[in-house]
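To start, I am sharing the structure in question, which I have written as structure tokens.
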Amino acid sequence: MVAVIGLGNMGMAMLKRLLAMGHQPRAWDLDPTKRDTARQAGAMIGADLAGSVADMTILSLPHDAAVAEVLAPILPALPQDAVIIDTSTLSPRAVRGFTEQAKAQGVFYLDAPVSGGPAGAAAGSMAMMVGGDAAALERATPILQHLTARLLHIGPSGAGQVAKLVNNLLVASHLVTAGEALRLGAAAGVAPEALLPLLNGASGRSAVTEVNWPRWIIPGSFDSGFSAGLMRKDVGLALELARELDVTLEATGRAAALWQELREAVPDDADFNRLSATLFAGVKP
């Protein structure tokens, strides 16, 4: 039995993917409307949060505090040797604490953040980077294979979060550099539509030029399902980790600073791709 706790864009997409693959998961969200949507899709909704968990419980929550709030009631309700697969992006320090809390209850906690967005969750094509007990991950793999195209055990507790923060720091930086570089090309008379096919066949390519610009920025749809506020949170966690480790970030640190400086032009509720489009347009912080 599997459960999904947290039915935002990612959680709902994972839930529907599991349903499509023949599972009948349990589900819960604070929002009763989302619970109703999950029920109508075929999920089982318990009377409360503690009654909506399973021996494999997937979390998809916005931040450390939300995870702590959810763990308090569910840890005593979970069976011994249950596995929590936490796909949230969190502080590595926080997840090591969550792992110890779970261990004290006889439960395994895996930090398993993902890359690929709601579309990847819906298609089962996400990358999942996992920190924690290898044997627990092996037990969870038959479920997680329905959600992922790449399922990677990175290392001990917290390692999955480190990998995700490094990944998203690069994505945030690539959105900055692509916006600026494409603006230079446009100023010289070569539009992004002409440059991108070249870049994506050459060494300047990145996921931002291969996916984000063609799919969400050039068409102007800006409907990736991932907000600027969530990217700011992830970038902030990366900077926090750098401070804890006394690691200086020169180029990526400046890119991270731009995410804060452009908060007025690209508010937290905007699609995160708007930052690259804003830099392309030449808006200054």
Exercise. How close do Q24 and M44 get, heavy atom to heavy atom, and via which atoms?
Worked result: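 Nearest heavy atoms, Q24 then M44: O-CE, 3.2 Å.
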For this session: Please list, chain by chain and in numerical order, all residues satisfying side-chain hydrogen bond (donor to acceptor under 3.5 Å, both in side chains) with Q260, sequence neighbours excluded.
Result: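 With neighbours one apart ignored, the set is R263.
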Exercise. Does the side chain of R26 reach to within under 4.5 Å of the side chain of V53, using non-hydrogen atoms?
Worked result: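 They are not in side-chain contact.
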Exercise. With a 4.0 Å cut-off, would you call R215 and E210 a salt bridge?
Worked result: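 Looking at E210 together with R215, the answer is no, because their closest N to O distance does not fall below 4.0 Å.
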Exercise. Does NZ or CZ of R183 fall inside the cone over F280's six-membered ring, less than 6.0 Å from its centre and within 45° of the axis?
Worked result: no
Problem set entry | Neighbour count above 12 (heavy atom, 6.0 Å) for K34 NZ | yes
Exercise. Which heavy-atom pair separates A102 from Y109 by the least distance, and what is that distance?
Worked result: CB-CB, 3.8 Å
Exercise. Does CZ in R39 sit with more than 12 non-hydrogen atoms of other residues, nucleotides or ligands closer than 6.0 Å?
Worked result: yes
Exercise. Does T89 reach the side chain of L230, with side-chain heavy atoms less than 4.5 Å apart?
Worked result: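 A side-chain contact under 4.5 Å is absent here.
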Side chains of residues 113-129: which donor-acceptor partners sit under 3.5 Å, not counting sequence neighbours?
none

Exercise. Do the rings of F272 and W259 sit parallel, tilted or perpendicular, given the 30° and 60° boundaries?
Worked result: parallel
Problem set entry | L7 versus A38, closest heavy-atom pair with distance |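 Closest approach of L7 to A38: CD1-CB, 3.8 Å.
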Exercise. Has E69 got more than 12 heavy atoms of other residues, nucleotides or ligands less than 6.0 Å from its CD?
Worked result: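 Count not over threshold, so no.
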